[in-house]
Trainee: 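Would you mind keeping the following structure in view while I ask a few things?
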There are 2 protein chains.
Amino acid sequence: MLATNVRPLFEEAPALSDCSGLLGLFDRSPIEHLSAGRNIFFEGDRAEHVFAVREGNLRICRQLHDGRRVITGFLSSGDIVGVSFQNRYLHSVEALDNVAFQRLTKVSFDKELIARPDLRHALLSKLCDEVAVAQDQMVLLSCKSAEERLCAFLLARLQSSVSQGGEPNVIWLPMTRLDIAHYLGLTIETVSRTITKLAGQGILSADRRHEILVLRKAALQQRAGEGSAEADDSLDGTVRHVRL
Amino acid sequence: MLATNVRPLFEEAPALSDCSGLLGLFDRSPIEHLSAGRNIFFEGDRAEHVFAVREGNLRICRQLHDGRRVITGFLSSGDIVGVSFQNRYLHSVEALDNVAFQRLTKVSFDKELIARPDLRHALLSKLCDEVAVAQDQMVLLSCKSAEERLCAFLLARLQSSVSQGGEPNVIWLPMTRLDIAHYLGLTIETVSRTITKLAGQGILSADRRHEILVLRKAALQQRAGEGSAEADDSLDGTVRHVRL
DNA sequence: CGAGCCATTGACGACTCTCAAGAATAGTGG
DNA sequence: CCACTATTCTTGAGAGTCGTCAATGGCTCG
């Protein structure tokens, strides 16, 4: 087992992005809508459906027994969530804004998958991707400072914003500062202070609440510490050698 | 995408444990040996094989550009590592003691999988499990104190030790304190101090370096935060309520 | 316009890291 | 078998980062 954690009985995963052909499976499902603050499902619910996000943004939360909340990820258009081999969801998924999504029962999702080897491969591949992302986040949480965490997060959001058709230097943040804090393992105050500091250094400008302007991307990358492979300006498919 | 991290080009996974039928695939592979400190493979190596651990213990490491090291997991007998959809490994795997393992080329691993739907399902299931474990670790790193982290870690190792046939209250630790620290996102000093503190409270006894005796499992669970409901009882009848 | 949420900013304190030294253990060679 | 060395672990003192508590300000919405 990768980590030494005790969760022998659970096998759930996760949220899958950019799900190539997989999204096609949902084509015949009706579109459902959700307003900000509402959940697609809750932690502990019986896991009977798989969902595809079509519009809007969501957060994936887990609750600790003492009330602490952790955000393990964010979702947006094109992501799939709820894929699972267990019968209960391990996390809640909550809308950050107006969301449109489609659903498929796990049973029919499985059936389609059996019939389509290409999609099975896509799913497997996306699952591997998912693990890599989770491990990246582990590294981030393991040993990065508040500034490094925030810079890494902002760069990731920048890429996401751009790939969804935004300006090349504008970060769109559908989530609140508190969400960011819960995602990065920080407090809202630290997130706020760090943003202020970066703004003071002329690296970015955060006039609006949900929009951050990147002024010096290179500085941001430097402070993110090891952007590793994606250090460069991405977007093109050129894979660079990652040596350390 | 679950996390907002930027790793669009990588899809690797992970280490799979308790790999039901999957282990059978390696039956015809010769057994290879490795002594402590040696690697099965390094981060950045071309990913051409999948490996099954037969004996001994290993650690999974990632290196940051500035030299910081993170341990993302530990492996032992029955675990599979190297499953990947990318052509380079994202982490190193290094022996903690004398290790015996077998290998299979990715190509033949894939071939076998195509022929065996049951194994495909097992793999998918294990991948989901893997993600769940990684997310548990994210939660731990996100918002748990040093004491909570260590207690959770020790409980997991206890379970692992017991399931491998050890005494019900003895934790076997094949790794060093530094490894534990790098796994939990702490320093070696903090790990050491925390163990000393727990020993001072009569919760455990750590006379030997690689062996910890659990004296009050219930207290350990309580301090792990969210070990949740499974009541203690533990080892002796005298279960005392321990508040923090 | 007031209520409520969200974000910012400040002061303070605690937890953990850093630096440093010493003790215990393991490994090596005589 | 016993020094001798190297590594690992423990313990201490001090510092720094980040969390906690608290107050203020800005935005949104009824």
Trainee: Looking at every heavy atom in both Leu158(B) and Val170(B), which two are closest together, and how far apart are they?
Mentor: CD1-O, 3.7 Å
Trainee: Mind calculating the distance between CD (Glu189(B)) and C1' (dA20(C)) to the nearest angstrom?
Mentor: 10 Å
Trainee: Quick one: label Ile195(B) by what it contacts on the DNA or RNA (base, sugar-phosphate, nothing), any heavy atom closer than 4.0 Å.
Mentor: nothing
Trainee: At less than 4.0 Å, is any side-chain N or O atom of Arg209(A) found next to OP1 or OP2 of dC27(D)? Yes or no.
Mentor: no
Trainee: Applying a 4.0 Å non-hydrogen cut-off, can you work out what Thr176(B) is touching in the nucleic acid: base, sugar-phosphate, or nothing?
Mentor: sugar-phosphate
Trainee: Given the rule in the ring-ring contact (aromatic ring centres under 6.0 Å, His included) test, do Tyr183(A) and Phe74(A) qualify, once you have shown the distances and angles that lead to the verdict?
Mentor: CA-CA 9 Å; Tyr183(A) 179 62; Phe74(A) 298 101; 5.2 Å; yes
Trainee: What is the distance from CG of Leu173(B) to P of dT8(D), rounded to the nearest Å?
Mentor: 15 Å
Trainee: Under 4.0 Å between a side-chain nitrogen and a carboxylate oxygen: does that hold for Arg62(B) and Glu94(B)?
Mentor: no
Trainee: Find the distance Arg208(B):CZ to dA26(C):C1' and express it as a whole number of Å.
Mentor: 15 Å
Trainee: Atom CD of Glu147(B) to atom C1' of dT16(C): distance rounded to whole Å?
Mentor: 13 Å
Trainee: More 5' along DNA chain D: Leu186(A) or Asp207(A), using each one's nearest nucleotide?
Mentor: Leu186(A)
Trainee: Any side-chain N or O of Thr190(B) under 4.0 Å from OP1/OP2 of dC17(C)?
Mentor: yes
Trainee: Rounding to an integer number of Å, can you tell me how far Lys144(B) NZ sits from dC15(C) C1'?
Mentor: 17 Å
Trainee: Would Ser92(A) and Gln63(A) satisfy side-chain hydrogen bond (donor to acceptor under 3.5 Å, both in side chains), going step by step from the backbone distance to the final call?
Mentor: CA-CA 9 Å; Ser92(A) 310; Gln63(A) 196 90 22; over 6 Å; no
Trainee: Taking atom types as modelled and ignoring hydrogens, do the side chains of Arg149(A) and Gln137(A) form a donor-acceptor contact shorter than 3.5 angstrom?
Mentor: no
Trainee: Starting from P on dT20(D), measure out to CZ on Arg193(A) and report it in whole angstrom.
Mentor: 12 Å
Trainee: Would you kindly give the CD1-to-C1' distance between Ile188(B) and dG22(C), to the nearest whole Å?
Mentor: 14 Å
Trainee: Return the value, rounded to whole Å, for the distance between atom CG of Asp179(A) and atom C1' of dA7(C).
Mentor: 13 Å
Trainee: Which nucleotide in the set dC9(D), dT9(C), dC17(C) lies at the smallest distance from any side-chain heavy atom of Arg177(B)?
Mentor: dC9(D)
